[in-house]
Asks: 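Take this structure, written in structure tokens, and hold onto it; I'll ask about it next.
Whatever order the structure lists them in is the order used to number ligands and atoms, beginning at 1. All values below come from the heavy atoms of this structure, side chains included, with hydrogens, waters and symmetry mates left out. Counting begins at 1 with the first residue of the sequence.
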Amino acid sequence: MECVFCKIISKEIPSEIVYEDENFLAFKDIQPIAPVNILIIPKKHIPAIDHIELYDKELIGGLFLAAKEIARVQNVSENGYRLIFNIGEDAGQTVDHLHLHLLGGKKLTWS
Ligand code: AMP
Ligand code: ZN
């Protein structure tokens, strides 16, 4: 199994897990760019949003519900936070396992 995030799911690679349920895992980004920088991933290996299918729609909906809950636990719901998917080369995607970045804990710029 090559995928680094699949190895995080199987605990072959350690991570700072902040949330886990049947379908999702969330852990701290190893190179944070904000005080709160969490990666939320489905346990199912999907390379990127560009690969989702109609039958994934409930899973993707659940990903956002997990993000909302994680934001609440991380205390960023009130002040606000940002959710980002990088898809492909131009967006700077470096890990080919779908992941939602949750950023918060400071005023975020847009660049
Ligand atoms: P992206 O650039 O959107 O593909 O995001 C991949 C993110 O995964 C980057 O922000 C990396 O810092 C993060 N990352 C890569 N390997 C690990 C790891 N082993 N544990 C935690 N975060 C990681
Ligand atoms: Zn994977």
Side-chain angles (χ1 to χ4, degrees):
M1 201 192 292
E2 288 294 307
C3 171
V4 61
F5 285 179
C6 282
K7 286 183 176 167
I8 285 177
I9 292 163
S10 66
K11 316 278 185 347
E12 278 174 74
I13 294 177
S15 67
E16 276 194 72
I17 294 171
V18 299
Y19 177 90
E20 181 166 17
D21 67 21
E22 192 188 345
N23 294 317
F24 306 107
L25 186 73
F27 50 95
K28 293 186 181 176
D29 195 304
I30 208 166
Q31 286 186 295
I33 57 165
V36 175
N37 192 348
I38 308 289
L39 299 171
I40 310 160
I41 65 174
K43 289 185 173 175
K44 176 183 175 185
H45 180 92
I46 301 171
I49 281 289
D50 204 49
H51 291 74
I52 59 172
E53 301 290 348
L54 196 56
Y55 50 73
D56 293 315
K57 68 179 180 183
E58 246 184 77
L59 185 71
I60 299 304
L63 184 68
F64 286 105
L65 289 171
K68 174 188 149 185
E69 174 62 11
I70 293 160
R72 191 187 62 75
V73 171
Q74 296 289 322
N75 283 315
V76 294
S77 296
E78 203 172 314
N79 284 352
Y81 56 97
R82 186 170 290 161
L83 297 174
I84 300 172
F85 290 109
N86 288 324
I87 299 138
E89 205 180 323
D90 278 2
Q93 183 176 2
T94 56
V95 179
D96 290 337
H97 181 128
L98 192 150
H99 49 281
L100 186 57
H101 295 256
L102 190 160
L103 301 170
K106 70 169 189 181
K107 281 248 181 268
L108 298 163
T109 55
W110 191 252
S111 57

Asks: Please could you name the atoms of ligand 1 that Gln31 approaches to less than 4.0 Å, counting only its heavy atoms?
Replies: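 Taking each heavy atom of Gln31 in turn, ligand 1 has 12 (O) under 4.0 Å.
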Asks: Report, in ascending order of atom number, the atoms of ligand 1 lying under 4.0 Å from any heavy atom of Gln93.
Replies: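 Once the distances to Gln93 are compared, the set is 4 (O).
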Asks: Which ligand 1 atoms are under 4.0 Å away from a heavy-atom of Lys28?
Replies: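 Reading through ligand 1 atom by atom, the close ones are 21 (C).
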Asks: Just jot down the ligand 1 atoms closer than 4.0 angstrom to any heavy atom of Thr94, in number order.
Replies: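 Listed by number with element, the hits are 1 (P), 2 (O), 4 (O), 5 (O), 6 (C).
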Asks: For a side-chain contact (heavy atoms from CB on, under 4.5 Å) with Tyr19, tell me which candidate from Ile70, Ile40, Val73 qualifies.
Replies: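 Option passing the side-chain contact (heavy atoms from CB on, under 4.5 Å) with Tyr19: Ile70.
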Asks: Nearest protein heavy atom to atom 5 (O) of ligand 1, by residue and atom, and its distance?
Replies: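 Sorting protein heavy atoms by distance from atom 5 (O) of ligand 1 puts His99 NE2, 3.0 Å first.
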Asks: As a check for students: among Leu39, Leu100, Asp96, Ile41, identify the option with a heavy atom nearest to atom 8 (O) of ligand 1.
Replies: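 Answer by nearest heavy atom: Leu39.
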Asks: Specify the protein heavy atom at minimum distance from atom 16 (N) of ligand 1: its residue, its atom name, and the distance to 0.1 Å.
Replies: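 Among all protein heavy atoms, the one nearest atom 16 (N) of ligand 1 is Phe5 CE2, 4.1 Å.
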Asks: Using a 4.0 Å cut-off to any heavy atom of Val95, which atoms of ligand 1 qualify?
Replies: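 Those atoms are 4 (O), 6 (C).
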Asks: Is the number of heavy atoms from other residues, nucleotides or ligands within 6.0 Å of CG (Asp21) greater than 12?
Replies: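 Enclosed: over 12 neighbouring heavy atoms sit under 6.0 Å from CG of Asp21.
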Asks: What is the minimum heavy-atom distance between His51 and Asp56, and which atoms define it?
Replies: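 Where His51 meets Asp56 most closely, the heavy atoms are O-OD2, 4.4 Å.
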Asks: Looking at atom 11 (C) of ligand 1, what's its closest protein heavy atom, distance included?
Replies: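 Checked against all protein heavy atoms, atom 11 (C) of ligand 1 sits closest to Asp29 OD1, 3.4 Å.
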Asks: Minimum heavy-atom separation for Pro35 to Gly104, with atom names?
Replies: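 Minimum heavy-atom separation between Pro35 and Gly104: CD-O, 3.4 Å.
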Asks: Which atoms of ligand 1 sit under 4.0 Å from any heavy atom of Phe27?
Replies: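 Near Phe27, the atoms of ligand 1 are 21 (C), 22 (N).
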Asks: Might you confirm whether atom NZ of Lys44 has over 12 heavy atoms from other residues, nucleotides or ligands at distances under 6.0 Å?
Replies: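 Yes - once you tally the heavy atoms of other residues, nucleotides and ligands closer than 6.0 Å, there are more than 12.
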Asks: Restricting to non-hydrogen atoms, name the atom on Gln93 and the atom on Asn86 that form the minimum distance, rounded to 0.1 Å.
Replies: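 In terms of heavy atoms, the two residues are closest at OE1-O, 3.3 Å.
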Asks: Starting from atom 23 (C) of ligand 1, find the nearest protein heavy-atom neighbour and note its residue, name and distance.
Replies: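 The closest one turns out to be Ile30 CG2, 3.6 Å.
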Asks: Give a yes/no verdict on whether any heavy atom in Ile8 is under 4.0 Å from an atom of ligand 1.
Replies: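 It does; at least one heavy atom falls under 4.0 Å.
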Asks: To check you understand the geometry: which heavy-atom pair defines the closest contact between Ile52 and Ile60, and what is its length?
Replies: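 Minimum heavy-atom separation between Ile52 and Ile60: CG2-CD1, 3.9 Å.
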Asks: So which atom in Leu98 and which in Ala48 form the shortest heavy-atom distance, rounded to 0.1 Å?
Replies: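 Smallest heavy-atom distance, with atoms named: CD1-C, 3.7 Å.
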Asks: Considering only heavy atoms of His101, which atoms of ligand 1 have at least one such atom less than 4.0 Å away?
Replies: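 What qualifies from ligand 1 is 1 (P), 3 (O), 5 (O), 10 (O).
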Asks: Phe85 and Tyr81: same hydrophobic cluster, using ILVMFWY side-chain contacts below 4.5 Å?
Replies: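 Phe85 clusters together with Tyr81.
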Asks: Under 2.8 Å from the Zn ion (ligand 2), which protein N, O or S atoms do you find? Ignore water molecules.
Replies: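 Protein N, O or S atoms closer than 2.8 Å to the Zn ion (ligand 2): Cys3 SG, Cys6 SG, His45 ND1, His97 ND1.
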Asks: Does any N/O atom on Asn86 come nearer than 3.5 Å to any N/O atom on ligand 1?
Replies: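 Indeed, backbone or side chain, Asn86 has an N or O that close.
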Asks: Looking only at heavy atoms, what is the nearest atom pair of Ile33 and Lys106, with distance?
Replies: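 It is O-NZ, 3.4 Å.
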Asks: Look at the side-chain heavy atoms of Ile, Leu, Val, Met, Phe, Trp and Tyr, link any pair under 4.5 Å apart, and say whether Ile38 and Leu63 land in one connected group.
Replies: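 In one cluster: yes.
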Asks: Taking the side chain from His101 and the backbone from His99, do they hold a donor-acceptor pair closer than 3.5 Å?
Replies: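 No; zero donor-acceptor contacts below 3.5 Å.
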Asks: Can Val76 and Leu102 be said to form a side chain to side chain contact (heavy atoms under 4.5 Å, CB included), step by step?
Replies: CA-CA 10 Å; Val76 294; Leu102 190 160; 4.2 Å; yes
Asks: Could you tell me whether ligand 1 has any atom less than 4.0 Å away from a heavy atom of Gly92?
Replies: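 Yes.
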